[in-house]
Amino acid sequence: MTAPAGPGPVVPRQRSWPRHRCPGVALDLGSDRTRAWMSGRRTILDVPTVTFPGAAPSYPVRRGTIVDSDGTARMLHRLLGHRLPRVGRPLLILTTPALGGTSYRTAARAAVQVLRPRTVLTVPTARAVAAATGADLSRPLLVLDLGAQLTEVTLLVDGAVTDARTTALGTSDLDGRTPASRICDAVVAMVSAMLEQDRTVQTLDALRRGALLAGGGALRPDLTYPLAGRLHAPVRPVPAPHTAAVRGAASLLRNAD
């Protein structure tokens with residue numbers, strides 16, 4: 001007669017360790033406005049890009065170039081230093097001009113060290129704008145960014161920048177003596193140059209698909225309507241175009257985390 005089997009060995013239950021998210025910061029350093037998003041907050045911080053080293057104000061970012069890295073650091077510390085948690089170093093993602101190059105990234109990385117980031121990631125502004133809209137990046141995409149002091153035209157192919165043009169002209173330059181048509185002329189000239197130098201059909205495909213329009217200039221009908229007619233193509237302002245870059249960076253940051 002076979003004895004009944006006894007209880008099997010006791011297997012200790014494995015403890016499920018909680019996953020702690022590190023704080024995150026998405027940052028868009030504009031020449032006129034600086035915008036930041038922080039994990040755990042619903043609102044976007046939106047302040048002038050200015051610092052006060054003395055009696056007079058100083059503008060550390062001009063025409064898409066960081067001209068004063070120390071001043072930029074002071075501004076970021078004033079804006080975000082007291083808002084960051086005391087425990088944990090943030091994961092930071094920073095938008096950069098398509099043609100900013102190594103010099104911009106170096107200056108930006110030096111400035112954001114005041115926030116004691118654990119890791120600093122950079123993303124082209126146009127890529128962040130595309131992320132904010134959930135654009136289909138399997139097809140070529142043209143992004144027009146009409147900023148206060150800088151206007152960019154960027155071609156994205158498979159999400160990567162393959163061509164970009166920029167001009168040191170923006171909405172802050174428009175006054176009674178400088179009409180909005182100057183920015184339209186600059187955009188048309190940049191797109192035309194891209195079409196002429198592109199030996200593929202990617203720029204043309206992107207233009208026929210329709211360009212995404214971001215930046216504060218996308219809120220101005222005197223720019224958006226003429227551009228569509230001058231380019232003979234659809235021009236689609238993205239939702240809340242002035243904050244699209246930082247919102248897109250925030251979405252990429254959540255995925256990176």
Side-chain angles (χ1 to χ4, degrees), residues 23-53 57-69 71-85 90-98 100 104 107-109 111-112 114-115 117 120-134 143-152 169-174 183 212-221 223-224 237-254:
V25 177
L27 190 60
D28 179 35
L29 287 173
S31 303
D32 183 60
R33 310 284 299 184
T34 289
R35 298 177 174 97
W37 174 90
M38 301 177 63
S39 56
R41 293 179 179 268
R42 296 183 179 181
T43 58
I44 293 173
L45 301 173
D46 187 343
V47 299
T49 305
V50 62
T51 185
F52 299 89
S58 176
Y59 302 93
V61 183
R62 299 176 189 168
R63 305 290 179 188
T65 300
I66 297 177
V67 297
D68 181 1
S69 184
T72 304
R74 289 193 299 270
M75 178 192 67
L76 293 176
H77 184 265
R78 186 184 75 245
L79 174 64
L80 298 173
H82 64 288
R83 292 184 166 94
L84 289 172
L91 172 64
L92 190 147
I93 187 165
L94 175 73
T95 64
T96 61
Y104 184 94
R109 286 177 180 274
V112 301
V114 71
L115 304 177
V120 178
L121 306 174
T122 60
V123 59
T125 299
R127 177 67 180 84
V129 168
T133 64
V143 179
L144 313 181
D145 186 7
L146 311 182
Q149 297 183 14
L150 193 72
T151 297
E152 283 190 321
L169 179 69
T171 56
S172 65
D173 298 304
L174 301 182
I183 292 181
L212 290 184
L213 192 59
L219 296 171
R220 299 182 54 139
L223 289 174
T224 57
V238 303
H242 55 303
T243 62
V246 72
R247 288 186 289 108
S251 69
L252 295 172
L253 176 64
R254 288 189 288 266

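What's counted below: heavy atoms across the whole structure, side chains too, no hydrogens, waters or symmetry copies. Residue numbers start at 1 and run along the sequence shown.
- Atom CG of D28 sits about 7.5 Å away from atom OG1 of T34, to the nearest 0.5 Å.
- Take R74 and apply the side chain to side chain donor-acceptor pair (under 3.5 Å) test, not counting sequence neighbours, and it matches no residue.
- The distance from atom OG1 of T49 to atom OH of Y59, rounded to the nearest 0.5 Å, is 10.5 Å.
- S69 places a side-chain N or O within 3.5 Å of a backbone atom of A107 that can act as its donor or acceptor partner.
- Of all the heavy atoms in R33 and P48, the pair that sits closest is NH1-CG, 3.5 Å.
- D68 is not listed as a side-chain neighbour of M75, based on a closest heavy-atom distance of 4.5 Å or more.
- A 4.5 Å side-chain heavy-atom check between P241 and L219 finds at least one atom pair inside the cut-off.
- Atom CG of L84 sits about 9.0 Å away from atom NE2 of H77, to the nearest 0.5 Å.
- Listed by chain and residue number, nothing satisfies the side chain to side chain donor-acceptor pair (under 3.5 Å) test with T171 (two or more places apart in sequence, or in another chain).
- Here the closest non-hydrogen pair linking G64 and L150 is CA-CD2, 3.9 Å.
- Contact detail for R247 and A240: the closest heavy-atom pair is NH2-O, 3.0 Å.
- Each of I93, L76, L45, T122 was evaluated against L27; a single residue qualifies, L76, per the side chain to side chain contact (heavy atoms under 4.5 Å, CB included) test.
- The structure places NE2 of H242 at 6.5 Å from CG of D46, a figure rounded to the nearest 0.5 Å.
- Distance alone, capped at 3.5 Å, places no donor-acceptor pair between the S251 side chain and the A132 backbone.
- Among all heavy-atom pairs drawn from V246 and R35, the shortest one is CG2-O, 3.6 Å.
- Smallest separation of non-hydrogen atoms from V120 and P117: CG2-CG, 3.5 Å.
- Among all heavy-atom pairs drawn from Q149 and V61, the shortest one is OE1-O, 4.4 Å.
- The CG atom of L253 sits 11.5 Å away from atom CG of L94, with the distance rounded to the nearest 0.5 Å.
- T125 places no side-chain N or O within 3.5 Å of a backbone atom of T95 that could act as its donor or acceptor partner.
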